[in-house]
Protein chains: 2
Amino acid sequence: MLKEQQFFTMLKSRGLRLTRPRRLILEHLSDGGTHACAESIYEALKRGNSTLGRATVFRALKLFAQLGIADETQPTTVRRRFEVAVGKPHHDHMTCLGCGAVVEFSNCAIERLQETEAKRRGFRITGHCLEVRGYCRRCLKLGRGRGH
Amino acid sequence: MLKEQQFFTMLKSRGLRLTRPRRLILEHLSDGGTHACAESIYEALKRGNSTLGRATVFRALKLFAQLGIADETQPTTVRRRFEVAVGKPHHDHMTCLGCGAVVEFSNCAIERLQETEAKRRGFRITGHCLEVRGYCRRCLKLGRGRGH
DNA sequence: TTGAGTGCAAACGTTTTGCATTGTG
DNA sequence: CACAATGCAAAACGTTTGCACTCAA
């Protein structure tokens with residue numbers, strides 16, 4: 001669990017400040033347990049803190065993600081993308097957070113393991129999406145994605 | 001590859017019609033190769049077909065997905081969700097298309113295989129998201145999710 | 001000829017941005 | 001006291017919807 005002192009240090013080293021909203025939002029994200037969205041955090045905190053703005057929550061979450069304190073549960077869908085589902089070999093994606101490049105890959109063993117997990121739960125799979133996030137070779141060479 | 005006659009039959013059996021925009025959009029999705037979004041399809045087709053409307057593309061893509069002709073490449077994110085990334089056990093999701101239920105699971109072997117694929121490509125993983133879509137035990141019992 | 005499908009524009013819900021104000025370090 | 005961060009309102013963005021018109025069967 002992240003201590004407030006650690007948080008303060010992380011911010012300070014980048015010339016950033018530990019403010020009341022940031023403290024509250026991080027606290028809520030930690031305690032709330034499961035995957036929270038900006039709106040639910042906003043609503044929860046707004047009750048006890050009537051001046052909080054939505055934009056602040058969005059800005060804080062983005063910051064936390066950049067600092068590696070928080071992660072997005074699902075990959076960010078900017079625009080919905082579709083592909084023909086008939087007779088096409090499946091593939092997954094590695095998305096580079098540095099340059100946006102998308103590396104495609106496929107691995108049958110992963111698919112088989114998914115199938116195993118699904119069977120165990122009586123779940124019938126019709127499709128899946130695996131998105132790996134991180135930094136590509138080129139960005140790592142350029143020094144991006146070092147501190148995580 | 002889906003033949004036009006097949007497409008026509010699929011539509012007709014549901015009282016739907018094979019229209020010029022639908023034919024063009026499906027064609028583009030097939031030929032275009034990679035994951036297309038509504039906007040890119042719209043722009044591409046707009047050039048040769050000046051009366052096409054954006055809404056038509058969105059409606060067609062939704063229809064194709066319902067018919068099983070097309071699949072969404074990424075899971076649909078309504079609101080971005082975040083979780084604390086420090087000292088929390090990772091888990092993935094199985095989402096039921098019948099009732100919306102989310103089944104959580106985790107499998108280290110899958111994670112290791114991802115790592116292997118990443119290493120092979122010089123990619124450094126900072127996170128990932130795996131969403132399996134299909135039908136849960138309960139919905140299957142109720143007869144949902146039978147047709148392919 | 002009928003009603004499914006379209007194009008347009010306006011509405012929607014989530015996220016971002018501009019800017020004057022606040023408050024941390 | 002400087003300037004990072006905020007709250008607000010307006011803009012931006014992808015998507016959906018209402019409606020009169022069109023066109024496939």
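Convention: sequence-line order gives letters A, B, ...; per-chain numbering from 1. The figures here come from the full heavy-atom set of this structure, side chains too, leaving out hydrogens, waters and symmetry mates.
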Please name all residues satisfying side-chain contact (heavy atoms from CB on, under 4.5 Å) with [X], sequence neighbours left out, ordered by chain then number.
X      : value
B:R133 : A:T126, A:C129, B:E72, B:L97, B:E131
A:R47  : A:A44
B:A65  : A:F82
B:E111 : B:H90, B:D92, B:H128

| said: Taking 4.0 Å as the cut-off, does a side-chain nitrogen or oxygen of A:T56 come that near to OP1 or OP2 on D:dT6? | reply: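 Checking D:dT6 against A:T56, no side-chain N or O comes under 4.0 Å of OP1 or OP2.
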| task | Output the rest of the hydrophobic cluster of B:L113: all Ile, Leu, Val, Met, Phe, Trp and Tyr residues reachable through side-chain heavy-atom contacts under 4.5 Å, sorted by chain and number. | result |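 Once heavy-atom contacts under 4.5 Å are chained together, B:L113 belongs with A:M94, A:V103, A:F105, A:I110, A:L113, A:F123, A:I125, A:L130, A:V132, B:M94, B:V103, B:F105, B:I110, B:F123, B:I125, B:L130, B:V132.
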| said: Give me each pair satisfying salt bridge (Lys or Arg N to Asp or Glu O under 4.0 Å) with a member in residues 18-28 of chain A, each pair once, sequence neighbours excluded. | reply: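 Output for this query lists A:E4-A:R23.
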| note | Once base and sugar-phosphate atoms are separated, protein heavy atoms under 4.0 Å mark nucleotides 11-22 of chain C, 5' to 3', with B, S and - as ---SBBBB----
Got a list of protein N/O to nucleotides 22-25 of chain D N/O distances below 3.5 Å?
| unit_1 | atom_1 | unit_2 | atom_2 | d |
| --- | --- | --- | --- | --- |
| D:dA24 | O3' | B:L18 | O | 3.3 |
| D:dA24 | N3 | B:R17 | NH1 | 3.3 |
| D:dA25 | OP1 | B:L18 | N | 3.3 |

| message | Strictly by side-chain hydrogen bond (donor to acceptor under 3.5 Å, both in side chains), give each pair with a member in residues 52-62 of chain A just once, sequence neighbours left out. | response |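 For residues 52-62 of chain A: A:E39-A:R54.
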| message | Could you tell me how far apart A:L24 (CG) and C:dT24 (P) are, to the nearest whole angstrom? | response |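 Going from A:L24 (CG) to C:dT24 (P), I get 12 Å.
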| said: Suppose we screen for side-chain hydrogen bond (donor to acceptor under 3.5 Å, both in side chains). Which residues come up paired with B:R121, at least two apart in sequence or across chains? | reply: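 With neighbours one apart ignored, the set is B:E117.
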| task | For residues 57-80 of chain B, pull every pair meeting ring-ring contact (aromatic ring centres under 6.0 Å, His included), keeping only residues two or more places apart or in separate chains. | result |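 Non-adjacent pairs meeting ring-ring contact (aromatic ring centres under 6.0 Å, His included): B:F7-B:F64.
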| query | What is the bend of the helix from C:dT1-D:dA25 to C:dG25-D:dC1 when you compare the axis at one end with the axis at the other, using five pairs each and rounding to 10°? | reply |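 The end axes of the helix from C:dT1-D:dA25 to C:dG25-D:dC1 are about 30° apart, to the nearest 10°.
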